[in-house]
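None of the values given here were measured: they were computed from a predicted structure.
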Amino acid sequence: MNYFIGVDVGTTSTKAVLYNEHAQVLTQTKQGYPLYRDASGMAEQNPDELVNAVEKVIHDAAQSADLTTGKLLAVSFSSANQSVILLDENHQPITRAMTWADTRARKVASDLKSSPEGKQIYIKTGTPIHPMSPLTKLMWLNAEMPEKMASAKYVADIKSYLFYRLFNVFRVDISIASCTGMLNIETADWDSQALSLAHVTPEQLPEIVSGTTQQVGLTKEAQTAMEIPGDTPFIYGAFDGALSNLGVGALSKDTVAITIGTSAAVRVVTDHPVIDPQQRLFCYAVDNGLWVIGGPLNNGGDVFQWAVEHLVDASAVQNENMDAYALANEVIAGVPAGSNGLIFNPYLGGERAPIWNANARGSFFGLSQLHTRADMLRAVMEGINMNINSVFQAVRNLVGDPKSVTATGGFAQSAVWKQMLADVLNCPVEIPNSFESGCLGAIVMAMKSLGIVDSLEAVQQFIGEKEVCKPDSEAVAVYQKYQPVFEQVQELLSPAYARMADLQQKTTNH
């Protein structure tokens with residue numbers, strides 16, 4: 001038997017999935033690491049902790065393979081995007097990795113977004129102007145840590161740093177590069193205007209390669225750590241969102257993929273770049289000739305987790321002898337659509353798409369003395385879904401009506417959430433039984449790289465059974481009345497977000 005390993009490098013953990021050559025899952029391993037945060041908006045990783053975690057999960061996955069009679073055909077990568085690490089002349093870190101979740105560049109992003117240059121950069125790069133963007137992170141570093149920027153010989157992201165540690169080469173796939181705000185999507189090369197704003201040169205940045213590019217020749221240290229053959233091809237892959245689309249077979253503009261985990265995203269793949277005139281959506285590369293259009297949302301399952309922790313009665317959990325999440329879902333199922341006239345804007349973590357406002361804050365609207373914690377719980381889940389629907393409608397307006405919608409992520413463990421998503425979107429939602437779409441997408445890229453398949457469309461043969469949730473007409477009618485109010489409340493509160501964020505930061509600092 002021959003094998004593939006798909007690796008998904010995330011914000012707080014890395015996962016490796018061992019597949020056989022027919023893309024059947026054999027085993028998976030996971031290793032966590034800290035995300036260092038503080039009240040300023042810092043959200044950093046130690047890049048060496050992450051590299052060690054990657055080596056460990058690959059090692060542990062490979063231990064389940066019989067490499068005496070079989071061969072490890074390739075290791076391929078899905079990873080989080082929009083990280084920044086400053087390196088010295090020996091490619092050693094002089095900063096930790098600023099992750100996509102780092103929001104310290106809020107003011108820099110706000111100033112750039114309101115300038116004519118901001119719109120020019122967005123049109124050329126497809127990356128919304130936001131603190132998550134490596135472009136604005138570098139602009140912030142220039143202003144706040146000029147000595148670090150001055151001493152930086154190279155500027156890396158976590159993928160290019162990882163491959164440097166494994167192979168002593170400084171390269172990055174076009175998918176990750178396209179998420180930086182510094183790649184011109186027409187030329188597929190670094191954009192001079194963006195680099196000028198970031199005060200970096202092309203020589204400081206990694207070489208851009210196709211996602212199917214093979215890297216071979218592991219360093220002795222990496223080979224020892226992972227205990228795999230040194231000539232095993234490592235495939236660069238793409239950013240996690242692009243590979244999630246690939247892993248569920250959403251590779252054309254008539255198939256929308258939605259992911260709802262800790263955060264959420266709505267994405268569709270096209271064969272050419274598409275730019276949103278209203279700057280609500282991103283346009284990133286999957287690989288050469290394929291582009292993913294969509295929007296990432298900060299507020300997904302983590303907001304529901306907050307609601308369960310604070311709104312579910314602990315004594316009821318004990319009395320019912322149930323898990324708090326199971327009880328929450330049961331309670332929500334007993335409340336009618338619309339939560340008895342209550343709306344929740346779920347911006348507990350600021351927000352990316354569709355409003356791109358790091359200062360956004362959450363709010364209940366319509367609260368009265370008649371409302372209960374049960375109403376509030378349902379309103380939270382509805383608010384998460386209505387926010388997703390705002391991005392879904394923006395994608396539809398830009399690319400056209402989809403023939404199908406596929407959704408994956410932890411939300412799929414909740415029957416009431418699956419049905420609610422179909423009702424809020426007013427379309428059938430297909431939910432694959434297998435959730436490891438990012439790792440599956442990565443190994444299909446490896447198969448294409450090795451010539452085992454001719455096209456990424458071959459992923460269709462590896463996707464298992466799907467559940468279909470159809471919208472309920474009565475619930476749909478309710479949500480179509482509430483969705484405009486949800487968006488109106490957000491627009492009305494928008495001018496107050498920055499002021500409230502400022503007051504909260506002053507309170508925290510004291």
Side-chain angles (χ1 to χ4, degrees), residues 78-83 100 109 112-113 117-137 157 159 172-195 197-198 208 210-211 237-246 250-259 263-298 351-356 388 390-402 441 456:
S78 162
S79 71
N81 58 358
Q82 300 184 313
S83 54
W100 64 270
L112 180 59
K113 187 174 182 179
E117 203 165 22
K119 186 166 187 180
Q120 293 168 10
I121 292 290
Y122 169 73
I123 290 170
K124 289 198 293 179
T125 68
T127 303
I129 307 298
H130 185 269
M132 69 174 188
S133 160
L135 168 62
T136 61
K137 286 182 172 72
D157 59 278
K159 177 89 71 81
V172 72
D173 56 87
I174 188 171
S175 181
I176 291 287
S178 72
C179 306
T180 61
M182 298 184 290
L183 183 93
N184 187 302
I185 58 178
E186 295 296 339
T187 66
D189 204 351
W190 300 118
D191 182 78
S192 58
Q193 184 183 12
L195 295 195
L197 284 171
I208 300 166
S210 163
F239 86 93
D240 49 11
L243 289 178
S244 288
N245 266 57
L246 171 56
L251 281 173
S252 60
K253 68 176 187 177
D254 61 1
T255 307
V256 170
I258 295 175
T259 308
S263 55
V266 181
R267 297 176 298 264
V268 66
V269 171
T270 68
D271 58 4
H272 63 282
V274 179
I275 296 297
D276 178 16
Q278 297 182 48
Q279 301 187 52
R280 296 164 298 179
L281 306 176
F282 60 63
C283 175
Y284 300 148
V286 180
D287 198 17
N288 298 328
L290 282 180
W291 302 88
V292 58
I293 320 301
L297 301 97
N298 288 356
E351 191 50 283
R352 290 178 289 170
I355 61 175
W356 298 100
I388 290 167
S390 296
V391 181
F392 177 66
Q393 297 304 329
V395 170
R396 287 182 62 189
N397 293 342
L398 201 63
V399 181
D401 289 341
L456 297 179

Going by atom types alone, do Ser252 and Asp254 pair a side-chain donor with an acceptor below 3.5 Å? yes
Result for side-chain contact (heavy atoms from CB on, under 4.5 Å) between Leu183 and one of Thr127, Ile176, Ile174 points to Ile174
Verify, without hydrogens or angle tests, whether Thr136 (side chain) and His130 (backbone) share a donor-acceptor contact under 3.5 angstrom. yes
side-chain contact (heavy atoms from CB on, under 4.5 Å) with Arg267: which of Thr259, Ile258, Val286? Thr259
Please answer whether the main-chain N or O of Ser83 pairs with a side-chain N or O of Lys137 as donor and acceptor at a distance below 3.5 Å. no
Nearest 0.5 Å, what's the CZ-CH2 distance between Arg352 and Trp100? 4.5 Å
Minimum heavy-atom separation for Val172 and Ala177, please, with both atom names. CG1-CB, 4.1 Å
Determine whether more than 12 heavy atoms belonging to other residues, nucleotides or ligands lie under 6.0 Å from atom NZ of Lys124. yes
Closest non-hydrogen atoms of Asn81 and Cys179, given as atom of the first, atom of the second and distance, are ND2-SG, 3.1 Å
Establish, from distance only, whether the side-chain atoms of Lys119 and Gln279 form a donor-acceptor pair under 3.5 Å. no
Rounded to the nearest 0.5 Å, how far does CG of Asp401 lie from NZ of Lys253? 11.0 Å
Main-chain N/O of Arg280 paired with Trp356 side-chain donor or acceptor, under 3.5 Å: yes
Side chain of Thr255, backbone of Ala250: donor and acceptor closer than 3.5 Å? no
Tyr284 (side chain) donor-acceptor with Phe239 (main chain) under 3.5 angstrom: no
Is it true that a side-chain atom of Ser175 and a backbone atom of Asp287 form a donor plus acceptor pair closer than 3.5 Å? no
